[in-house]
Protein chains: 2
Amino acid sequence: MSEALATTDLPSLPLGPISPAKARILAVAVDLFYERGYERTTVRDIAERAGILSGSLFHHFKSKQEILFTAMAATTQAMGEAAVAATEGVDDPRGALRALMIAELSAIHREDGHAAYVLVDEWRSLDTEHRAAILKLRDGAYERAWRDTLDALGVKGRLRNNPRIARQLIRGALAWSRHWMREDGPLDLASLADEVLKTFVSD
Amino acid sequence: MSEALATTDLPSLPLGPISPAKARILAVAVDLFYERGYERTTVRDIAERAGILSGSLFHHFKSKQEILFTAMAATTQAMGEAAVAATEGVDDPRGALRALMIAELSAIHREDGHAAYVLVDEWRSLDTEHRAAILKLRDGAYERAWRDTLDALGVKGRLRNNPRIARQLIRGALAWSRHWMREDGPLDLASLADEVLKTFVSD
DNA sequence: TTGACAACCAAGCGCTTGCTTGTTTTTATG
DNA sequence: CATAAAAACAAGCAAGCGCTTGGTTGTCAA
């Protein structure tokens, strides 16, 4: 189950507070979306794993789509806070970039939850209107931290690419790791971050 | 419609020949999978766009899943052939890598078809057994070309990473371009390939 | 012209889907 | 203990799903 969603007291989202019961539903839903994808997961699947009947879900969420949106919003917010926290107090931009990459990789590969995975893989399952809300939320903290860090490296002339391009290339490279990196493989997250670092950052 | 699938005479797949009628169905199916995703596309949608009734689909394919598989197999084979053709006659490994990247980007971004996009995005919609078949097909030509090229660069000491890691990082970086690169944007495919090239290849 | 086969139509079957409704149980509060 | 709100149940509806069946049309070689 996704730990970030299973904790009992979550920070209030723009959507309103998340009760323990809601958090439990979100956690098992994320697991199922990860295992089977959004469309192949039924509300009955979610309810069963949450220990209730399917109809009872709609006491907490007004639709299946709202479950996906709420989960994604919570993930986005958590990742934003983690990114800000990771770079806090780190002065050199190279170290900050390393911290951001490790934070992103940790979110993708954490053993106890696949919320970041779902955020990428089920993006197309989210309604157009909801997508805009997530993007706005993401841009406020998460992308801002990345932009600031890469721009700082850029003005120092230590990036091999334009900062905007570098961001997209790095994001893709890190995101793809979910398809080939194994927990028990020879490469851990920090090592992968270092690999990317030495590729994109010169000196 | 996807051009590679719309042409009337296709090379025979391991599955058997593809008639013009089948090719038309595959082409519109790929378009729909791209637009809505596999699960949200119904056999009625496919049939309507192909100009037939839904039941008639099953004269050509025994299931919706077989449509997806056949389309992916055809794409994989076409990409493999394109990769081999792109590196043929190119002696220096740097030039070969550039050619491979442009081939991959072209497949992803071609205006007249989204088969390569679907191959990545709907991978999880493919049955487990079918996945193995595609992977085998892919490994025969496509990945082989990449491996040979990167290994050649590696032994020359011109890669900043281990060739295996470089392959995965580059693949992710290129695949992600479908989410941010615009046809009418400032960056064309060759320029993006050059950006990646100067990042991963030294000297 | 005829026979054979491929392509397609027309209709619908059996099942699953997200969600609703009305009722009952649980929980928290005075 | 009384009461109200929150949470869950029980049952099922309407719509949509992949796919099947049986018959009709089109094509082309013999």
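In what follows, chains carry the letters A, B, and so on, assigned in the order in which the sequence lines appear, proteins first and then strands, with residues in each chain numbered from 1. Values in this document were obtained by computation on a predicted structure and should not be read as measured data.
- With salt bridges taken as basic N to acidic carboxylate O contacts below 4.0 Å, none links Arg147(A) and Glu143(A).
- Residues Tyr38(A) and Gln65(A) are in side-chain contact: their nearest non-hydrogen atoms beyond the backbone lie under 4.5 Å apart.
- For the pair Phe58(A) CZ and dA8(D) C1', the interatomic distance rounds to 14 Å; values are reported in whole Å.
- In this entry the distance linking CG of Leu57(A) with C1' of dT20(C) reads 13 Å, nearest Å.
- The distance from atom CD1 of Ile170(B) to atom CH2 of Trp176(A), rounded to the nearest 0.5 Å, is 13.5 Å.
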Taking only N/O atoms, report every protein-nucleotides 6-9 of chain C pair under 3.5 Å with atom names and distance.
from, atom 1, to, atom 2, distance (Å)
dA7(C), OP2, His59(B), NE2, 3.0
dC8(C), OP2, His60(B), NE2, 2.7
dC9(C), OP2, Leu53(B), N, 2.7
dC9(C), OP2, Ser56(B), OG, 3.2

Next on the checklist: I'd like to know whether Tyr117(A) forms a side-chain contact (heavy atoms from CB on, under 4.5 Å) with Glu122(A), so could you lay out the CA-CA distance, the side-chain angles of the two residues, the decisive distance to 0.1 Å, and finally the verdict.
Outcome noted: CA-CA 8 Å; Tyr117(A) 194 113; Glu122(A) 298 302 330; over 6 Å; no
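- Under the 4.0 Å criterion applied to side-chain N and carboxylate O atoms, Asp194(B) and Arg98(B) are assigned as salt-bridge partners.
- With respect to Asp45(B) and Arg40(B), no salt bridge is recorded, no charged nitrogen being found less than 4.0 Å from a carboxylate O.
- Between Leu68(A) atom CG and dC19(C) atom P the separation is 12 Å, expressed in whole Å.
- Between Lys62(B) atom NZ and dT20(D) atom P there is a gap of 10 Å when expressed in whole angstrom units.
- Residues Tyr142(A) and Glu104(A) bring a donor and an acceptor atom of their side chains to less than 3.5 Å of each other.
- Interface residues of residues 38-47 of chain A facing DNA chain D, ordered by number: Arg44(A); criterion, heavy-atom separation under 4.0 Å.
- Side-chain contact between Arg144(B) and Asp139(B): absent, with no pair of heavy atoms (C-beta onward) separated by less than 4.5 Å.
- With rounding to whole Å, Glu66(B) atom CD is found 12 Å from dT20(D) atom P.
- If you measure from atom CZ of Phe33(A) to atom C1' of dG18(C), you get 12 Å, rounded to the nearest angstrom.
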